Amino acid sequence: MKQVLFVITSLAYGGAETQLVHLATRLKSRGWKVGVISLIPPKAYVKDLETVGISVFSLGIWRKLPDPRHVLRLARIIRKWRPDIVHSHMVHANLLARLVRPLAPIPVLVCSAHNIDEGGRFREILYRLTDPLCDLTTQVSRAGVERYVRVGAVPRHKIRYIPNGVDTERFKPNFEDRLRVRKELGVDGFVWLAVGRFDFQKDYFNMLQAFARVIHKLPDTILLIAGDGPLKKTMENMTRELCIEKQVKFLGIRRDIPQLMNAADAYVMSSSWEGMPMVLLEASATELPIVATGVGGNPEVILDGVTGFLVPPRNPEALAKVMLKIMNLPEEKRREMGKAARKHVEENFSVNHVVDMWEALYRELLERKRK
């Protein structure tokens, strides 16, 4: 039985964490022995993983200052498990897994970057300096691959594109969910949805300014925003300043995203930068037409003019223009875009297809080691 040990910065309700859980649980069902290590105390998914027999560990890191004891603890877990593959996710876990390699037997180390920018030039330099300690770096978007090569974070021959995958059985159209959730939320008319953390990357400043323009032209519309984060209060205040507080509903953290997506008529994303956002894959699988900024891997998910529309980042006027364009389309045309979106993700980003890619990569790297 092959063994894989995943190392991730955190276990929370985020895109990278969701991908890890998809991959871990499906590899377990395919006969792999799987373990997961979170650098900081986990906030989500522990029960989901342990229920299917996946061990979850935490290094208990709670402050930003480096501590050699964390390196030693990670090394002890690896020495006890003796995995065939160590697969790390997100920048802190990637760097820590590389540093621990001289202290523990790791036949193959794969490091996955989940964003086109993981925190600035210093981290990219650290990636380059520690690159000899890993076998391969992966990126979730082709744009991310090209950027990491261009800035010198990873040499081209040691980086590969493997996209995120979406569970198309969990995310799919459901008319009963649509009716129920709209009734529960008390919404009518055209409903936009956004899901994501309230931080600078998601640029909700841009979205709210655009939505204020939309309401000026077509007032019978609602914007639902699901998520939490440090800028949430600022955004709530901004809706009052823009006089759109009655048309924007802040839903907080939701556990019913598939149902919530069914309640919407279209999806909107205003990010300044991205990797390959899970929410765009999920919205596409739910047959929602999408308006999003053309950053990172977004153009790989959204076929401009076919499944949605792409706009420049930090441009509320452009964002409002295409939101209005979606709203003014005949309902049948929006339905066609949604069906094309689901077909696109089924063919390219289904979770089982992506797990096949990971399993093939693991076997390739292990075979290379044996030669």
Side-chain angles (χ1 to χ4, degrees), residues 15 18 116 140-143 163-168 170-174 178 190-197 201-204 206-208 210-211 213-214 218 221-227 254 257-316 318-350:
T18 301
I116 195 169
V140 295
S141 69
R142 298 184 192 280
N164 287 334
V166 62
D167 186 344
T168 55
R170 183 167 179 244
F171 288 89
K172 60 184 178 182
N174 187 310
R178 174 179 174 82
F190 197 98
V191 176
W192 287 94
L193 175 65
V195 180
R197 182 171 168 78
Q201 176 185 348
K202 302 304 179 183
D203 197 4
Y204 283 110
N206 180 15
M207 184 183 297
L208 294 179
F211 189 63
R213 290 171 166 84
V214 169
L218 294 174
T221 183
I222 294 291
L223 172 61
L224 305 177
I225 307 179
R254 301 281 296 213
I257 299 301
Q259 294 74 31
L260 196 59
M261 286 191 168
N262 271 288
D265 296 291
Y267 191 89
V268 59
M269 172 175 278
S270 53
S271 299
S272 294
W273 69 91
E274 281 290 350
M276 178 174 284
M278 280 300 303
V279 289
L280 294 188
L281 297 173
E282 293 163 356
S284 296
T286 316
E287 297 189 0
L288 288 179
I290 298 172
V291 172
T293 47
V295 297
N298 291 4
E300 298 166 35
V301 179
I302 301 165
L303 305 179
D304 194 24
V306 178
T307 68
F309 296 103
L310 296 167
V311 298
R314 306 180 187 90
N315 190 331
L319 185 58
K321 183 178 179 180
V322 290
M323 290 174 74
L324 288 165
K325 185 175 183 178
I326 286 275
M327 295 176 69
N328 284 318
L329 288 174
E331 185 177 345
E332 183 59 33
K333 178 60 178 176
R334 290 199 301 269
R335 193 175 295 117
E336 287 177 11
M337 296 183 85
K339 290 185 180 300
R342 181 169 174 87
K343 183 174 185 290
H344 181 53
V345 298
E346 284 179 326
E347 292 176 349
N348 298 280
F349 304 107
S350 74

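As the structure is a computational prediction, the values presented were derived from the model and not from experiment. Note that these values count all heavy atoms, side chains included, but never hydrogens, waters or copies made by symmetry. Residue numbers count from 1 along this sequence.
In this structure, NZ on Lys172 lies 9.0 Å from CG on Asp167, to the nearest 0.5 angstrom. The CD atom of Glu282 sits 11.0 Å away from atom CG of Leu260, with the distance rounded to the nearest 0.5 Å. Taken to the nearest 0.5 Å, the CE atom of Met207 stands 7.5 Å off from the OG atom of Ser271. Note that CG of Asp265 is 8.0 Å distant from OG1 of Thr221, once rounded to the nearest 0.5 Å. Atom OG1 of Thr168 is separated from atom NZ of Lys343 by 14.0 Å, given to the nearest 0.5 angstrom. In this structure, CZ on Arg254 lies 10.0 Å from CG on Leu193, to the nearest 0.5 angstrom.
Nearest approach of Tyr204 to Gly196, heavy atoms of both residues: OH-O, 3.1 Å. A pairwise comparison of heavy atoms in Met261 and Leu288 identifies O-CD1, 3.5 Å as the closest pair. Heavy-atom minimum distance, Arg170 versus Pro258: O-CB, 3.6 Å. The minimum heavy-atom distance between Asn206 and Ser270, with the atom names listed, is ND2-O, 3.6 Å. The shortest heavy-atom contact between Ala266 and Ile326 is CB-CG2, 4.1 Å. Residue Ile302 comes nearest to Ala292 through the heavy atom pair CD1-CB, 3.4 Å, listed as atom of the first residue, atom of the second, then distance.
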side-chain contact (heavy atoms from CB on, under 4.5 Å) between Leu224 and Val191: does it pass, once the steps are laid out? CA-CA 7 Å; Leu224 305 177; Val191 176; 3.6 Å; yes
I'd like to know whether His344 forms a side-chain contact (heavy atoms from CB on, under 4.5 Å) with Phe349, so could you lay out the CA-CA distance, the side-chain angles of the two residues, the decisive distance to 0.1 Å, and finally the verdict. CA-CA 8 Å; His344 181 53; Phe349 304 107; 3.7 Å; yes
Verify side-chain contact (heavy atoms from CB on, under 4.5 Å) between Tyr267 and Leu280, making sure each step is shown before the conclusion. CA-CA 8 Å; Tyr267 191 89; Leu280 294 188; 3.9 Å; yes
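No donor-acceptor pair under 3.5 Å is formed between the side chain of Asn298 and the backbone N or O of Trp273. Arg178 places a side-chain N or O within donor-acceptor distance of the main-chain N or O of Ala264, the cut-off being under 3.5 Å. Proximity of a side-chain donor or acceptor of Asp304 to a complementary backbone N or O of Leu310 within less than 3.5 Å is detected. Judged by distance alone, with hydrogens and angles left aside, the side-chain atoms of Glu300 form no donor-acceptor pair with the main-chain N or O of Met276 at under 3.5 Å.
In this structure, Thr307 and Ile290 have side chains that are not in contact, with every pair of non-hydrogen atoms separated by 4.5 Å or more. Using a 4.5 Å heavy-atom threshold, the side chains of Lys321 and Arg213 count as separate. Here the side chains of Trp192 and Met327 are in contact, with some heavy-atom distance below 4.5 Å. Contact check for Val301 versus Ser284: side-chain heavy atoms found under the 4.5 Å cut-off. Leu208 places a side-chain heavy atom less than 4.5 Å from the side chain of Ile225. With contacts defined as side-chain heavy-atom distances shorter than 4.5 Å, the pair Val214/Leu223 does not qualify. A 4.5 Å side-chain heavy-atom check between Leu319 and Val268 finds at least one atom pair inside the cut-off. Contact annotation: the side chain of Arg334 approaches that of Phe190 to within less than 4.5 Å [non-hydrogen atoms, C-beta and beyond].
Salt-bridge formation is detected for the pair Lys202/Glu274: a Lys NZ or Arg NE/NH1/NH2 atom is positioned less than 4.0 Å from an Asp or Glu carboxylate oxygen. Ionic pairing of Arg335 and Glu332 is present here: one or more N-O contacts between side-chain nitrogen and carboxylate oxygen are shorter than 4.0 angstrom.
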